[in-house]
Amino acid sequence: MKYTQLGRTGLKVSRLVLGTMNFGPQTDEAESHAIMDAALDAGINFFDTANVYGWGENKGRTESIIGSWFAKGGDRRDKVVLATKVYGNMGPDGEAWPNHDKLSAVNIRRAVDASLKRLRTDHIDVYQFHHIDRSTPFEEIWQAIDVLVQQGKILYVGSSNFPGYKIAQANEIAARRGGTIGLVSEQCLYNLAERRAEMEVIPAAQEYGLGVIPWSPLHGGLLGGVIKKEATEGRRASGRAADALKDTRTREQIQAYEDLLDKHGIEPGEAALAWLLTRPGVTGPIVGPRTAAQLASALRAVTLELNEDLLTALDDIFPGPGPSPEAFAW
């Protein structure tokens, strides 16, 4: 495994991040524990989750599965850089009770304590805002965070799904307050097929020293060899990938992508991850395996070298927006 600093911090994290969203809804507790053991054995030390994972009536279930894994001991908690998130309504359905969601000081305090209990730990390494809160000023948010840092309940703070201007706003207000390090990471949608983050989000993250943590690196399976699997295994695409392939141009684009990688003898999913590892500002993509076999495939991407000709060919198939502001100014 290779490691890098998380943004401008001294924290060393693996170049792959273990995403746990499938733990509970699609992967049972025993298999989830096996995947976490395998990830740790492979050197992955950065685990990502969220308080809402488990979904519906089972919100919080994923954190609880991680907590029961930590409780097995063996230095599991000590070896893991643990990241979770706050924002969503934690009620099983319907409207949240007032102050039981988003980023008010009241909810942040409540949500941290609830996550710590489920995770069976005394601190969260990277506490992430799952979405912007248009109603709560950052002065209030940072005041709440300062208290939690002083209490030792959280160490660093990151964002998720923030636009570039909110990253700037959050860190400028943190700097004016003094004594607050501000955001150290941004978790955003970013992959070969979805490169809009290159216009504003990634430049803002780089300017303010945030590590970029891409989620959905295979774009819902679209970049994982979906057409080849249809032809050779009879596995029909589903979800986002199936919807995307209904568009003729998209299907032609994905076919060209798979044909290119087949010529080079590279698995599409591994190439998509390896491409992200070449991108400026990227700390590491989030991989969310449902099985140990899927984790093993993701691990191969860390040592996969994409030559310049292949990178250029990938850019030809999936052109990015180009530098900002030129990309939208003219």
Side-chain angles (χ1 to χ4, degrees), residues 1-2 4 14-19 38-39 42-44 188-199 202 212-323 327:
M1 181 52 60
K2 298 178 182 179
T4 189
S14 50
R15 299 283 337 255
L16 288 182
V17 183
L18 181 68
I44 295 178
C188 60
L189 175 61
Y190 184 39
N191 55 57
L192 268 168
E194 176 49 82
R195 296 178 62 171
R196 284 178 293 177
E198 293 175 359
M199 293 181 69
I202 292 175
V212 175
I213 307 169
W215 61 266
S216 194
L218 303 187
H219 207 53
L222 191 66
L223 299 171
V226 62
I227 295 177
K228 181 180 179 180
K229 290 173 183 176
E230 280 184 347
T232 62
E233 304 173 21
R235 292 170 55 183
R236 297 183 61 84
S238 60
R240 186 191 306 167
D243 292 339
L245 289 176
K246 292 176 183 176
D247 179 78
T248 301
R249 183 181 178 279
T250 299
R251 190 175 187 91
E252 291 174 350
Q253 189 180 40
I254 298 302
Q255 185 68 69
Y257 166 70
E258 293 188 15
D259 289 345
L260 172 68
L261 296 173
D262 186 57
K263 185 173 68 175
H264 286 267
I266 301 173
E267 289 297 321
E270 294 169 21
L273 293 172
W275 178 84
L276 281 169
L277 292 173
T278 71
R279 305 308 299 164
V282 168
T283 299
I286 297 174
V287 295
R290 294 188 299 274
T291 66
Q294 289 178 344
L295 175 62
S297 175
L299 287 167
R300 290 193 289 272
V302 178
T303 56
L304 180 59
E305 298 288 340
L306 306 180
N307 63 42
E308 288 302 319
D309 288 344
L310 180 52
L311 289 171
T312 298
L314 289 170
D315 272 337
D316 289 341
I317 296 171
F318 300 106

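Note that the structure is predicted; figures quoted are calculated from it, not measured. Heavy-atom basis, side chains included; hydrogens, waters and symmetry copies ignored.
Inter-residue side-chain proximity for Pro285 and Leu16 is flagged as met; some heavy-atom pair is nearer than 4.5 Å. Side chains of Leu273 and Leu277 form no contact here, defined as non-hydrogen atoms less than 4.5 Å apart. Pro280 places none of its side-chain heavy atoms less than 4.5 Å from the side chain of Ile202.
Atom CZ of Arg240 and atom CD of Glu194 lie 9.0 Å apart (nearest 0.5 Å). With rounding to the nearest 0.5 Å, the separation of CG in Leu192 from CG in Leu218 is 10.0 Å. Summarising the geometry, atom CG belonging to Leu260 is positioned 8.0 Å from atom CD1 belonging to Ile266; distances are rounded to the nearest 0.5 Å. Put simply, CD1 on Ile227 and CG on Leu222 are 8.0 Å apart, with the number rounded to the nearest 0.5 Å.
Minimum interatomic distance between Ala39 and Leu295 (heavy atoms only, all atoms of both residues): N-CD2, 3.6 Å. For the residue pair Ala327 and Met199, the shortest heavy atom distance occurs at CB-CE, 4.0 Å. Contact record, Gly221 with Val226: O-CB, 3.8 Å, taken as the closest heavy-atom pair. Smallest separation of non-hydrogen atoms from Leu223 and Ala193: CD1-N, 4.0 Å. Between Pro217 and Leu276, the shortest heavy-atom contact is CB-CD1, 3.4 Å. The shortest non-hydrogen separation linking Val17 to Gly284 is CG2-O, 3.7 Å.
Annotation: Arg196, atom CZ; neighbour count of heavy atoms from other residues, nucleotides and ligands within 6.0 Å does not exceed 12.
Listed by first then second residue, pairs satisfying salt bridge (Lys or Arg N to Asp or Glu O under 4.0 Å) with a partner in residues 243-258 read Glu230-Arg251, Asp243-Lys246, not counting sequence neighbours. Residue pairs satisfying the ring-ring contact (aromatic ring centres under 6.0 Å, His included) criterion with at least one member in residues 248-298, sequence neighbours excluded, are listed as follows: Tyr190-Trp275, Tyr257-Phe318. Here salt bridge (Lys or Arg N to Asp or Glu O under 4.0 Å) pairs that include residues 281-291, with residues two or more places apart or in two chains, number zero. Counting only residues at least two apart or on different chains, no ring-ring contact (aromatic ring centres under 6.0 Å, His included) pair has a member in residues 281-306.
Of the possible donor and acceptor atoms, none in the side chain of Asn191 sits under 3.5 Å from a partner among the backbone N and O of Ala272. The closest donor-acceptor contact from the side chain of Gln253 to the backbone of Ile317 lies under 3.5 Å. With hydrogens and angles ignored, the 3.5 Å screen pairs no side-chain donor or acceptor of Lys228 with any backbone N or O of Glu267.
In this structure, Arg15 has no side-chain hydrogen bond (donor to acceptor under 3.5 Å, both in side chains) partners at least two apart in sequence or on a different chain.
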Intermediate values then yes/no, side-chain contact (heavy atoms from CB on, under 4.5 Å), Leu299 and Val287: CA-CA 9 Å; Leu299 287 167; Val287 295; over 6 Å; no

Check residues 300-308 and write down every donor-acceptor pair under 3.5 Å in which the side-chain atom is one partner and the other belongs to a residue at least two apart or another chain.
residue : atom : partner : partner atom : Å
Arg300  : NE   : Glu270  : OE2          : 3.0
Arg300  : NH2  : Glu270  : OE2          : 3.0
Thr303  : OG1  : Arg300  : O            : 3.4
Asn307  : OD1  : Asp309  : N            : 3.2
Asn307  : OD1  : Leu310  : N            : 2.7

